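Counting convention: from 1, in listed order, for ligands and their atoms alike. Computed from a predicted structure; not experimentally measured.
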Amino acid sequence: MFTQPHLDLPPLLSASGSVSLPGSKSISNRVLLLAALSEGQTWVHDLLDSDDTQVMLNALEQLGCQLIKKEHSVCITGLGGSLKNTSELTVFLGNAGTAMRPLCAALSLLGANVTLTGVQRMYERPIKDLVQALEQIGARIEYLQEPGFPPLKLQRSTIKISAPIEVRGDVSSQFLTALLLALPLSSQDSDIQIQVLGELISKPYIEITLNLLAQFGVQVKREGWSTFTIAKGSKYTSPGEIHVESDASSASYFIAAGALSAGSEVLKITGLGEHSIQGDIRFVDAARRMGANITMGPNHLEIKANQRQLRGIDLDCNHIPDAAMTLVMMALFAEGPTLLRNIGSWRVKETDRISAMVKECEKLGAQVEEGPDWIRIQPIKATQWQSASIHTYDDHRMAMCFSLAAFNPSARTIRIEDPRCVGKTFPNYFETLFKLVQTQGDVIPVICIDGPTASGKGTLASEVAKRLGFHYLDSGALYRLSAFMATESGIALELTNEKAIVDLVSKLSLRFEGSSIFANGREISQLIRSEVVGMNASRVSAMPLLRGALIDLQRSFKCLPGLVADGRDMASVIFPSSQLKIYLTADALTRAKRRHKQLISMGISANMDSLYADLKARDERDMSRTVAPLKPAADALLMDNSDLSIEQSLEWVLNCWQSKNIA
Ligand code: DC
């Protein structure tokens with residue numbers, strides 16, 4: 001699969017506007033499992049759509065649950081306490097701890113013969129404490145590689161609960177969550193008691209578990225944080241439908257972005273507020289202690305900008321393990337050092353987050369110290385931030401946290417490696433951020449690619465855009481659609497009709513979605529690709545009024561994180577200060593062959609001889625016309641790709657770009 005190697009974030013100034021965030025991962029995966037264990041249907045609304053929920057959904061489907069998906073909702077027909085699929089299964093759970101731990105417990109109690117696998121990092125995340133707890137009641141679980149770690153093979157066995165079940169609470173609260181979610185399955189004969197050994201960490205996640213169990217009809221009595229009792233005869237009862245609130249950990253990045261903003265901007269987050277059941281909502285208190293100006297409503301948060309006033313804090317972060325990573329980023333901007341304590345669980349998350357944080361913060365110019373379960377951060381002076389390429393360790397939170405470094409006052413570009421790892425919990429994180437931020441000056445990068453027709457510039461430009469995660473402007477398509485719509489309206493493409501054509505085009509409602517173009521709601525992407533429309537486009541593109549009328553539209557494509565613009569005057573008129581300008585050529589015969597192949601592949605019949613003649617005529621006309629003639633911009637790099645594959649041309653352009661940017 002195509003992966004985006006990195007994303008360069010230009011210096012950001014502020015974040016403002018309103019945003020609604022995707023559903024909470026912790027709630028989503030718990031609710032999915034509870035719905036699967038209940039009888040009948042449960043509609044889950046606002047479900048998070050991410051890697052971790054996807055593996056859970058796949059697993060439930062494999063286990064025999066029926067799923068119906070509708071936009072942001074999914075309807076699950078539960079198992080009602082017994083397995084529908086009793087055959088031997090292998091279930092892949094990626095790197096989702098919120099799937100591995102609860103499924104291990106639930107499937108052991110359901111008597112499944114199942115192997116639970118995942119990615120390599122999952123095999124480094126401990127599960128022994130949970131397995132030992134389940135073994136106490138007769139579960140048979142085999143470690144297939146390292147003792148104490150997944151992958152696991154569960155074998156059907158007789159479950160017998162006679163004494164309190166003991167589980168350690170000081171490595172991961174997910175072990176206790178897994179038991180709490182699963183044990184009601186075995187509560188027919190007597191109360192079930194769970195005894196937590198050691199100090200329970202991440203208590204707010206247990207509160208989410210208890211809250212959701214209650215919504216599914218299971219009451220758990222707790223004495224302090226050490227004894228939990230599930231009443232005899234507990235039964236999961238579907239609430240019919242349930243809404244997932246926005247993810248509070250994801251909100252932490254936007255709270256921080258609001259707080260790190262310069263100026264007096266306000267950022268509003270909806271879908272989450274003071275009634276949240278998520279522990280990470282307490283990040284708000286921590287951010288306030290650092291000086292963030294946050295107002296909380298029942299279902300929204302508002303953050304006022306105050307970059308210059310943050311101060312360092314000393315905080316026990318046991319209650320907000322995930323969101324506390326965001327405090328590290330805020331600490332880099334604060335006055336005075338910050339000490340975050342009681343964060344030992346970071347070491348067994350998607351990566352060893354304490355050492356990853358230290359290493360990457362140092363790249364930015366910070367002094368950071370670590371202990372077994374703490375981290376101390378010295379802020380970076382306003383002028384001393386470094387550009388850095390941030391390694392993200394396949395950890396979504398590393399990528400999201402370090403995007404905040406782009407607010408640095410030294411105006412340094414920050415490179416995020418493997419930015420798509422945010423897919424674990426927030427696939428559109430960067431797109432969401434980009435819609436809210438303003439940059440420090442005119443720093444949005446633009447790459448212009450031009451060349452004669454059929455030089456392959458379109459293919460190359462869109463590939464470059466994909467690889468860099470940039471937007472793509474196919475300016476030729478604007479002339480094509482102008483010609484197409486004018487012809488359809490019966491306007492002859494004569495210079496004397498120029499004004500009528502401009503009138504028509506400026507009244508069009510245009511929408512660009514990826515490679516699809518809609519005019520007045522109708523998709524015209526394919527219709528404008530014919531040779532005839534190409535020839536007509538060449539005619540209207542020589543009309544100065546039309547060219548002028550399209551300037552603002554073309555410039556509006558310049559959005560974060562950057563733009564690749566393809567077409568005639570991109571490098572000279574539309575984006576004259578673009579950072580990289582490429583003029584692509586290939587000999588006429590090669591281009592005619594390429595066009596021939598392209599047309600045939602689109603099912604459009606074509607004759608090679610007439611294509612070659614048309615193409616030479618078009619070159620001639622495009623080069624000799626007075627309005628925007630075809631010629632390389634003065635500062636363009638020339639590239640003849642007659643003998644190069646697309647992949648080779650792509651590498652060439654990416655290398656040029658790389659050499660102009662941070663390493
Ligand atoms: O790249 P293309 O074949 O889709 O472009 C259609 C016509 O529009 C072609 O004759 C070149 C012209 N054009 C232009 O004059 N200015 C642009 N920025 C893009 C295309």
Side-chain angles (χ1 to χ4, degrees), residues 446-465 472-487 493 495 498 501-502 505 510 512 515-517 519 524-558 563-576 578 581-586 588 591-592 594-599 602 604 606 611 613-633 636 641:
V446 179
I447 300 174
C448 294
I449 300 184
D450 192 14
T453 191
S455 57
K457 63 183 160 59
T459 312
L460 179 63
S462 75
E463 282 301 310
V464 172
Y472 169 53
L473 167 60
D474 167 11
S475 62
L478 304 184
Y479 294 101
R480 285 174 180 265
L481 75 86
S482 303
F484 176 76
M485 296 304 283
T487 317
L493 306 180
L495 204 52
E498 187 180 15
I501 296 173
V502 169
V505 172
L510 295 172
F512 301 85
S515 57
S516 302
I517 302 175
I524 53 165
S525 330
Q526 287 309 316
L527 296 172
I528 61 170
R529 289 289 143 206
S530 74
E531 276 303 280
V532 178
V533 175
M535 295 299 268
N536 289 341
S538 162
R539 295 172 70 182
V540 296
S541 69
M543 298 176 174
L545 271 186
L546 181 64
R547 297 199 78 83
L550 291 175
I551 289 178
D552 285 349
L553 174 61
Q554 295 177 91
R555 289 192 178 145
S556 72
F557 278 76
K558 180 175 161 181
L563 174 69
V564 181
D566 134 29
R568 196 58 33 87
D569 53 353
M570 295 298 105
S572 52
V573 177
I574 310 294
F575 304 110
S578 56
K581 301 172 181 180
I582 308 269
Y583 188 84
L584 203 60
T585 54
R591 287 187 282 126
R594 284 180 187 163
R595 176 57 49 91
H596 187 253
K597 203 165 145 200
Q598 182 191 25
L599 290 172
M602 294 192 310
I604 301 171
L611 268 182
D614 281 353
L615 189 133
K616 292 225 301 199
R618 172 113 65 107
D619 278 358
E620 188 50 40
R621 197 169 48 244
D622 284 351
M623 282 191 284
S624 61
R625 74 186 193 190
T626 44
V627 179
L630 173 65
K631 69 163 194 245
N641 74 353

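- For the pair Arg595 and ligand 1, the shortest N or O to N or O distance does not fall below 3.5 Å.
- Residue Met535 places every heavy atom at 4.0 Å or more from ligand 1.
- In this structure Asp474 satisfies the salt bridge (charged side-chain N to carboxylate O under 4.0 Å, His left out) test together with Arg529, sequence neighbours excluded.
- Only the side chain of Arg625 comes within 4.0 Å of ligand 1, counting heavy atoms alone; its backbone N, CA, C and O stay farther away.
- Only side-chain heavy atoms of Asp622 come within less than 4.0 Å of ligand 1; its backbone N, CA, C and O stay farther off.
- Every atom of ligand 1 is numbered from 1 in the order shown, and the set under 4.0 Å from a heavy atom of Met570 is 18 (N).
- Near Arg547, the atoms of ligand 1 lying under 4.0 angstrom from a non-hydrogen atom of the residue are 14 (C), 15 (O), 16 (N), 17 (C), 18 (N).
- Of all atoms in ligand 1, listed by their number and element, those nearer than 4.0 Å to a heavy atom of Lys457 are 1 (O).
- For Phe557, the ring pair (Phe, Tyr, Trp, His ring centres under 6.0 Å) partners at least two apart in sequence or on another chain are Phe512.
- Across the listed options Ala477, Gly476, Ala537, Gly476 owns the non-hydrogen atom lying nearest to atom 5 (O) of ligand 1.
- Salt-bridge formation is not detected for the pair Asp614/Arg595: no Lys NZ or Arg NE/NH1/NH2 atom is positioned less than 4.0 Å from an Asp or Glu carboxylate oxygen.
- Of all protein heavy atoms, the one closest to atom 11 (C) of ligand 1 is Arg568 NH2, 3.3 Å.
- Within ligand 1, counting atoms from 1 as listed, the ones closer than 4.0 Å to a heavy atom of Asp569 are 18 (N).
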